[in-house]
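Atom set for the values below is all heavy atoms of this structure, side chains included, hydrogens, waters and symmetry mates excluded. Chain letters run A, B, ... following the sequence lines, proteins first, then strands; residues in each count from 1.
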Number of protein chains: 2
Amino acid sequence: MRIGVLAKAAGVSVPTIRYYESIGLLAPPARQRGQRIYGGEALKALNLVRHCRELDFSIDEIRDILASVQRRLPCSDTKSFAEKHLGAIRMKIAELRALEATVAALVSGCETTCCGSAAPDCVILQPGCGSA
Amino acid sequence: MRIGVLAKAAGVSVPTIRYYESIGLLAPPARQRGQRIYGGEALKALNLVRHCRELDFSIDEIRDILASVQRRLPCSDTKSFAEKHLGAIRMKIAELRALEATVAALVSGCETTCCGSAAPDCVILQPGCGSA
DNA sequence: GCTACGCCCTCAAGCCACTTGAGGTTCAAG
DNA sequence: CTTGAACCTCAAGTGGCTTGAGGGCGTAGC
């Protein structure tokens, strides 16, 4: 199949496929008169990459995952990638929740104490008030 | 004061100050023999920018905030920026929580069903299983 | 005067994961 | 034979900085 067909089948854009090839995530396929021709293997590989991207693994993490897939390492390897990733996701959530609390407090502080003052004096913009 | 002193006072790096100036977030200061010389106003302005960045406002949002500060628009303006930002933070948290649930489910799925199979067959890597 | 050091300057490139655009070739249909 | 879609490569843009190269200026000690 040609690159456009592969792109539709895997649900990614055509430039994204070329990008993945350029950074070594996908093997360069055969060519016919300069155009890339893919087989079923390429679709499987691309689906795997897309799946990992949907789980928000970075390109470097995916590189490691692909390596352990190719070497048919045990599943415990895969699981430890996922667990590490899960930890990172949870840390990010914790950071965002702290930020949410800070901003929410500033907004309600503005409602109760600002009383329509001018922007430079708004509590939201006062440095050191609840920011990290 | 010179740029290094300002940087320490505001808690940002020297290149960051030059970067903010280059994108128009900070006014270009006076110069003495080619070197930037700042007054107290510059420190106030930089502190405001840093505060907004700590709240994770984007540069473009900060541009808008600075504009409403300079025009001394009412505080309701500031509050609506913050409220919009708060909505974005909450959306991001919701996305990450969905992702967390997906990855956590894959990890525990691996623990219960994979039984040490090879990486290519691990449930974590099966496309369409719980991904977005 | 001379050297060493620290601070300052500008300009360019690197990070991440793509997307967008320019300018040109090949393919399939009418 | 022409048209339009799909393909090609290469370069630059996104955000918010950081890092590095290569150089100028000021001052303190010898």
Side-chain angles (χ1 to χ4, degrees), chain A residues 1-26 28-39 42 45-66 85 88-89 92 95-96 99 131-132, chain B residues 1-26 28-39 42 45-66 85 88-89 92 95-96 99 131-132:
Chain A
M1 69 189 113
R2 290 194 301 169
I3 197 170
V5 178
L6 176 65
K8 245 176 207 158
V12 305
S13 75
V14 167
T16 295
I17 295 175
R18 290 196 277 247
Y19 169 69
Y20 286 162
E21 184 187 327
S22 79
I23 61 171
L25 267 200
L26 293 180
R31 300 259 182 157
Q32 276 182 10
R33 278 172 298 276
Q35 303 199 349
R36 294 169 177 85
I37 303 295
Y38 297 92
L46 181 53
N47 271 331
L48 177 53
V49 171
R50 193 213 45 179
H51 173 68
C52 290
R53 283 299 297 142
E54 279 167 355
L55 297 179
D56 210 29
F57 282 102
S58 73
I59 296 287
D60 274 353
E61 287 168 332
I62 295 175
R63 241 185 269 275
D64 292 344
I65 291 170
L66 290 183
H85 185 49
I89 292 167
K92 190 75 196 169
E95 282 172 21
L96 282 178
L99 185 61
S131 62
Chain B
M1 69 190 111
R2 289 193 301 170
I3 197 170
V5 178
L6 177 65
K8 245 176 206 157
V12 305
S13 75
V14 167
T16 296
I17 294 174
R18 289 197 277 247
Y19 169 68
Y20 286 161
E21 184 186 327
S22 77
I23 61 171
L25 267 199
L26 294 180
R31 301 256 182 161
Q32 276 182 12
R33 278 173 299 276
Q35 302 199 352
R36 294 170 177 84
I37 302 295
Y38 297 92
L46 182 53
N47 271 332
L48 177 53
V49 171
R50 194 214 45 181
H51 173 69
C52 290
R53 284 298 298 143
E54 279 168 354
L55 297 178
D56 209 31
F57 282 101
S58 72
I59 297 287
D60 274 352
E61 287 167 332
I62 294 175
R63 240 185 269 275
D64 293 343
I65 291 170
L66 290 183
H85 186 49
I89 293 168
K92 190 76 198 169
E95 281 172 21
L96 282 179
L99 186 61
S131 63

request  = Please state whether the phosphate of C/dC27, meaning OP1 or OP2, lies under 4.0 angstrom from any side-chain nitrogen or oxygen of A/R2.
outcome  = no

ask   = Is a side-chain donor or acceptor of B/H85 paired with a backbone partner of B/E61 at a separation under 3.5 angstrom?
value = no

key: Interatomic distance where CZ belongs to A/R31 and C1' belongs to C/dT26 [whole Å]   = 13 Å

request  = Check the distance between C/dC18's P and A/E21's CD and give it to me in whole angstrom.
outcome  = 15 Å

note = A/E54 atom CD is separated from C/dA17 atom P, nearest whole Å, by 15 Å

query = Can you tell which of C/dT19, D/dA6, C/dT10 lies closest to the side chain of B/R36?
reply = C/dT10

key: First encountered from the 5' end of DNA chain D, between A/I3 and B/T16   = A/I3

key: Whole angstrom value for the distance that separates C1' of C/dC8 from NZ of B/K8   = 14 Å

inquiry  = Quick check on side-chain contact (heavy atoms from CB on, under 4.5 Å): which of A/R53, A/H51, A/R50 does A/I62 satisfy it with?
reply    = A/R53

ask   = In terms of side-chain heavy atoms of B/Q35, which of D/dT18, C/dC27, D/dG24 is nearest?
value = D/dG24

inquiry  = Under 4.0 Å between a side-chain nitrogen and a carboxylate oxygen: does that hold for B/E21 and B/R18?
reply    = no

task = Starting from C1' on C/dA17, measure out to CG on A/L55 and report it in whole angstrom.
result = 16 Å

ask   = How many Å lie between CD1 on A/I23 and P on D/dC10, as a whole number?
value = 17 Å

request  = Let me know the distance between CG of B/L25 and P of D/dC17, rounded to the nearest Å.
outcome  = 9 Å

key: Which nucleotide in C/dC8, D/dC25, C/dC27 has an atom nearest any side-chain atom of B/R33   = D/dC25

message = In this structure, how many angstroms lie between the P atom of D/dC8 and the CD atom of A/Q32, rounded?
response = 12 Å

ask   = When you match A/S13 and B/V5 each to their closest nucleotide on DNA chain C, which lands nearer the 5' end?
value = B/V5

message = Show, in sequence, the C-alpha distance, side-chain angles and deciding distance for B/Y19 and B/L25, and conclude whether the side-chain contact (heavy atoms from CB on, under 4.5 Å) test is met.
response = CA-CA 9 Å; B/Y19 169 68; B/L25 267 199; over 6 Å; no

task = With rounding to the nearest 0.5 Å, note down the distance linking CG in B/D56 to CD in B/E54.
result = 10.5 Å

message = Within the structure provided, determine whether A/Y38 and A/L46 are in side-chain contact (heavy-atom separation under 4.5 Å).
response = no

Review item, nucleotides 12-16 of chain D N/O atoms under 3.5 Å of protein N/O:
{"unit_1": "D/dG16", "atom_1": "OP1", "unit_2": "B/I59", "atom_2": "N", "d": "3.3"}
{"unit_1": "D/dG16", "atom_1": "OP2", "unit_2": "B/I59", "atom_2": "N", "d": "3.4"}

task = Output the distance between atom NZ (A/K92) and atom CG (B/L96), rounded to the nearest 0.5 Å.
result = 8.0 Å

query = If only side-chain N and O atoms of A/R18 are considered, is one of them under 4.0 Å from the OP1 or OP2 phosphate oxygen of D/dC8?
reply = yes

